[in-house]
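The structure under discussion appears below in the form of structure tokens.
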Amino acid sequence: MNNDDAVQKLTQLEVIRQREGLEMIPSENHTSPAVLQMLGTRLTDKYSEGYPGHRYYGGCEYVDQIENIAIERAKELFGVSHANVQAYSGSPANQAIYYALVNPGDKVMGMSLYYGGHMTHGLKVNFSGTIYDSVQYTTDKNGFMDYDAIAALAKQEKPKLIMAGTTAYPRQIDWKKLRVIADDIGAFLAADISHISGLVVAGAHPSPIGVVDVTMTTTHKTLRGPRGALILSNGNPSNPLVKPERTVANIPSLIDRAIIPGLQGGPHNHQTAAIAVALGEALKPEFKVYGQQIVANAKKLSEELMNRGFNLVTGGTDNHLMVIDLTNKNISGKQAEVALGLAGITVNKNTVPFDTRSPFDPSGIRLGTPALTTRGMKESEMIQVAEWIELAINNVANDSKLKSIHDQVREFTKSYPLPGEN
Ligand SMILES: Cc1ncc(COP(=O)(O)O)c(C=O)c1O
């Protein structure tokens, strides 16, 4: 039932765009019908500020139980004793971590956006770089995280919080090395595993749990849930009426208080229910197979692209994504994004380490395999995908060629339906 033709029509067009194309933005995925269904429920009508059993509103008996299911599943999936599932999305969840652990003006450290970090890790135009005094680390010249350089910067700057994690980095992160760096200067260490949490669940990337002090993940990337976030830690919340000191043991209480009353009002209950359903899916053995396949596909795709003369930052991938430096192809990331889009392959332009071009028209593109893997594609399909990428990049100015690639992509995707459409 929808009487709004304008919005309905555009929504349908977006579904067709997804169905008939290859979604290769590595932070995107296709959710299950069960997850989608929860997002369109009456739960969205309900106010429930507070936490289960301690709400500021009546009528919360069912949403309490739903939130508790989400919390318990998050705890089981990641092996922690505390999970906050209320952050509206990844950026507010990171804001809650800063709010919980440091004061405005305190020094914080994270990876520069231009080298693979996220803007909430201290970019100067983001809250994290304006409210806090942020210092940023880069990569080595080949695009790898340089733990010695990070250690030296930490020693020099002595941040109170290190926010570790990446948004465009194709290699595994060594949490233990970061722990040593943080301990050396007495800093809190937070892990942002938004991109890789599905891989962590599948055992395809080392987990930061038990190594770092607090872990954040969005729920909508490799974890394949609705938009949202989890903040995970160990310990138990203390008496909510007593203001906790900033200690590692108090992180569960500090996070809960940062979310509400610190930053947010009512939780989005429809989203919490969808998170609960997605976490239920991620707890199934099939999800481990899925997570491993994402990486196998990315490795195959990266090899195929390199065989076709593409330069990949760090020379390959260990995870779900790769960054292609297009300098040797004499086109920019923006041109490539547009051309691939016309060919039905959605990627995003991205800076490469030490990029000489502007972030608005950088030298690279970022692409990954989570969504294609959800549609059932495996290594053999990656050969075909690499072929189309090469063809499109070699024909950026040839619209009819790009359209003919899209025709082939459209035909191909019929064999790989979106979840629930088969
Ligand atoms: C590492 C990382 N952290 C945080 C976020 C922010 O998440 P959201 O877009 O849900 O605010 C992203 C999103 O791309 C991310 O990649």
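These numbers were taken from a predicted model, which means no experiment stands behind them. The first residue in the sequence is number 1, and the count goes up from there. Side chains are part of it too, since the values below use all heavy atoms of this structure and drop only hydrogens, waters and symmetry mates.
For residues 231-261, there are no ring-ring contact (aromatic ring centres under 6.0 Å, His included) pairs, not counting sequence neighbours. Applying the ring-ring contact (aromatic ring centres under 6.0 Å, His included) test to residues at least two apart or on different chains, the pairs with a partner in residues 279-300 are F287-Y290. The list of ring-ring contact (aromatic ring centres under 6.0 Å, His included) pairs with a residue in residues 123-156, not counting sequence neighbours, reads Y98-F127, Y98-Y132.
Salt bridge status for E281 with K284: absent, with no side-chain N to carboxylate O gap under 4.0 Å. Using a cut-off of 4.0 Å between Lys/Arg side-chain N and Asp/Glu carboxylate O, D5 and K9 are scored as not salt-bridged. A salt bridge does not link E303 with K299: none of the charged nitrogens is closer than 4.0 Å to a carboxylate oxygen.
For K124, the side-chain hydrogen bond (donor to acceptor under 3.5 Å, both in side chains) partners are S134, not counting sequence neighbours. By the salt bridge (Lys or Arg N to Asp or Glu O under 4.0 Å) test, R55 is found to be paired with D64, E67, residues two or more places apart in sequence or in another chain being considered. Every residue was checked against the ring pair (Phe, Tyr, Trp, His ring centres under 6.0 Å) condition with Y56, not counting sequence neighbours, and none meets it. With sequence neighbours excluded, the residues satisfying salt bridge (Lys or Arg N to Asp or Glu O under 4.0 Å) with R179 are D183, D213. In this structure A149 satisfies the side chain to side chain contact (heavy atoms under 4.5 Å, CB included) test together with D146, sequence neighbours excluded. Not a single salt bridge (Lys or Arg N to Asp or Glu O under 4.0 Å) links D140 to another residue, sequence neighbours left out. Residues that satisfy the salt bridge (Lys or Arg N to Asp or Glu O under 4.0 Å) test with D256, not counting sequence neighbours, are absent from this structure. For H268, the side chain to side chain contact (heavy atoms under 4.5 Å, CB included) partners two or more places apart in sequence, or in a different chain, are Y88, H270, Q271.
Of the possible donor and acceptor atoms, one in the side chain of W175 sits under 3.5 Å from a partner among the backbone N and O of P206. Under the 3.5 Å distance criterion, the side-chain polar atoms of T413 are matched with a main-chain donor or acceptor of R19. Under the 3.5 Å distance criterion, the side-chain polar atoms of Q292 are matched with a main-chain donor or acceptor of A202. Panel note: side chain N269, backbone K46; a donor-acceptor pair is recorded below 3.5 Å. A donor-acceptor pair under 3.5 Å is absent between the side-chain atoms of R224 and the main chain of S32, judged by distance alone.
Judged by the 6.0 Å distance and 45° axis criteria, K329 is positioned over the aromatic ring of F310.
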Anything under 3.5 Å between a donor and an acceptor, one on a side chain of residues 313-322, the other on a protein residue two or more places apart or in another chain? List them.
| residue | atom | partner | partner atom | Å |
| --- | --- | --- | --- | --- |
| T314 | OG1 | R171 | NE | 2.9 |
| T314 | OG1 | R171 | NH2 | 3.4 |
| T314 | OG1 | G316 | O | 3.2 |
| T317 | OG1 | P170 | O | 3.2 |
| T317 | OG1 | N319 | N | 3.0 |
| T317 | OG1 | N319 | OD1 | 3.2 |
| T317 | OG1 | L321 | O | 2.7 |
| D318 | OD1 | R171 | NH1 | 3.0 |
| D318 | OD2 | Q172 | N | 3.4 |
| N319 | OD1 | L321 | N | 3.0 |
| N319 | ND2 | Y169 | O | 2.8 |
| H320 | NE2 | H195 | ND1 | 2.9 |

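Side-chain contact check for N250 and R257: no donor-acceptor pair (N or O, by modelled atom type) lies under 3.5 Å.
Side-chain rings of F354 and Y115 approach one another, their centers coming within less than 6.0 Å.
Contact check for E157 versus M109: no side-chain heavy atoms found under the 4.5 Å cut-off.
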